[in-house]
Amino acid sequence: MPDIILLNKPFRVLSQFTDRDGDPPRQTLANILSAPGFRVAGRLDYDSEGLALLTNDGRLQQQIANPKFKYWKTYWVQVEGTPTTEALGQLAAGLNLKDGRTKPARVKSIAPPRLWDRSPPVRFRAHIPDAWLEISIQEGRNRQVRRMTAAVGLPTLRLVRISIGDWRLGDLEPGQYLTQSTGRKL
């Protein structure tokens, strides 16, 4: 039996199977797949896209979500503005946020990646440049990458998680998923 599901979570879908707070209700993972016994290992916020891992192994879920196990989570981030060397250095060194200092991150500028169209699309502004960054973190605080980029004056326009540890998004389109076995005894 598979114990991991790799899902490309679409934009504006909750990383859970029910919406207790939405009025009107928002889309959830239940709109995409049926996976009794599976839980999300490290959430991806409603406004973010990309790799979500689900598992039916509670210990594995805790390992993936807990920063002490040091799983790198990598994101492609479209930001408003032009990143400076100083801003990239601040992101890499760690920043003071309201909930404490972030751990050092891996950060680099990248060419715009080939991605699926998002609905609705990111708002285009002719007179305001945007850029893409690849950011890898070992934490997973609430909206951490968005708060980090905002702290250096580069608000996030689009955020796509492409990997968690050795698990990769690959060619999965939004809403597509695949199952794997980790080979662990449950």
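The first residue in the sequence is number 1, and the count goes up from there. Predicted, not measured: the structure shown is a model, and the values here were computed from it.
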Which heavy atom of [X] sits nearest a heavy atom of [Y], and at what distance?
X: P10; Y: G175; result: CG-N, 3.6 Å
X: S109; Y: L88; result: OG-CD1, 3.7 Å
X: L44; Y: G50; result: CD2-O, 3.7 Å
X: P113; Y: W132; result: CD-CD2, 3.4 Å
X: R168; Y: S163; result: NH1-CB, 2.9 Å
X: A41; Y: T55; result: CB-CG2, 4.3 Å

Within the structure provided, determine whether [X] and [Y] are in side-chain contact (heavy-atom separation under 4.5 Å).
X: L172; Y: L178; answer: yes
X: I4; Y: L60; answer: yes
X: L7; Y: L29; answer: yes
X: W72; Y: D166; answer: no
X: R147; Y: D99; answer: yes
X: L53; Y: F38; answer: no
X: M148; Y: L97; answer: yes
X: L95; Y: V152; answer: yes

Nearest 0.5 Å, what's the [atom1]-[atom2] distance between [X] and [Y]?
X: L154; Y: T82; atom1: CG; atom2: OG1; result: 8.5 Å
X: R20; Y: R26; atom1: CZ; atom2: CZ; result: 11.0 Å
X: L6; Y: W167; atom1: CG; atom2: CH2; result: 8.0 Å
X: N66; Y: Q61; atom1: CG; atom2: CD; result: 11.5 Å
X: R161; Y: I164; atom1: CZ; atom2: CD1; result: 3.5 Å
X: Y46; Y: R12; atom1: OH; atom2: CZ; result: 6.0 Å

[X]-[Y] co-clustered via ILVMFWY side chain contacts under 4.5 Å:
X: L169; Y: Y75; answer: no
X: V145; Y: I110; answer: no
X: L51; Y: L159; answer: no
X: Y71; Y: I162; answer: yes

For [X], I'd like to know if atom [atom1] has over 12 heavy atoms of other residues, nucleotides or ligands within 6.0 Å.
X: E173; atom1: CD; result: yes
X: D117; atom1: CG; result: no
X: R123; atom1: CZ; result: no
X: D171; atom1: CG; result: no
X: K103; atom1: NZ; result: yes

For this session: Give the intermediate values and the outcome of salt bridge (Lys or Arg N to Asp or Glu O under 4.0 Å) for residues D47 and R146.
Result: CA-CA 10 Å; D47 295 321; R146 291 175 185 281; 5.4 Å; no
For this session: Could you give me the CA-CA distance, side-chain angles and deciding distance for F17 and I32, then say whether side chain to side chain contact (heavy atoms under 4.5 Å, CB included) is met?
Result: CA-CA 9 Å; F17 286 96; I32 298 170; over 6 Å; no
Seminar exercise, completed: For L157, the hydrophobic cluster (side chain heavy atoms closer than 4.5 Å, chained through members) also holds V122
For this session: Would you please test N96 and T102 for side chain to side chain contact (heavy atoms under 4.5 Å, CB included) and show each step?
Result: CA-CA 6 Å; N96 289 318; T102 64; over 6 Å; no
Exercise. Going by atom types only, do W76 and E134 share a side-chain donor-acceptor pair under 3.5 Å?
Worked result: yes
Exercise. If we ignore angles and hydrogens, is there a donor and acceptor under 3.5 Å between the side chains of Q16 and R43?
Worked result: yes
For this session: Could you go through the side chain to side chain contact (heavy atoms under 4.5 Å, CB included) check for F11 and V160 one step at a time?
Result: CA-CA 9 Å; F11 180 66; V160 180; over 6 Å; no
Exercise. Ion pair present between R158 and E49, side-chain N to carboxylate O less than 4.0 angstrom?
Worked result: yes
For this session: Determine yes or no for a side-chain-to-main-chain donor-acceptor pair under 3.5 angstrom, with K9 supplying the side chain and S48 the backbone.
Result: yes
Exercise. Does the side chain to side chain contact (heavy atoms under 4.5 Å, CB included) test come out yes or no for L133 and V79, once each step is laid out?
Worked result: CA-CA 8 Å; L133 303 174; V79 295; 4.2 Å; yes
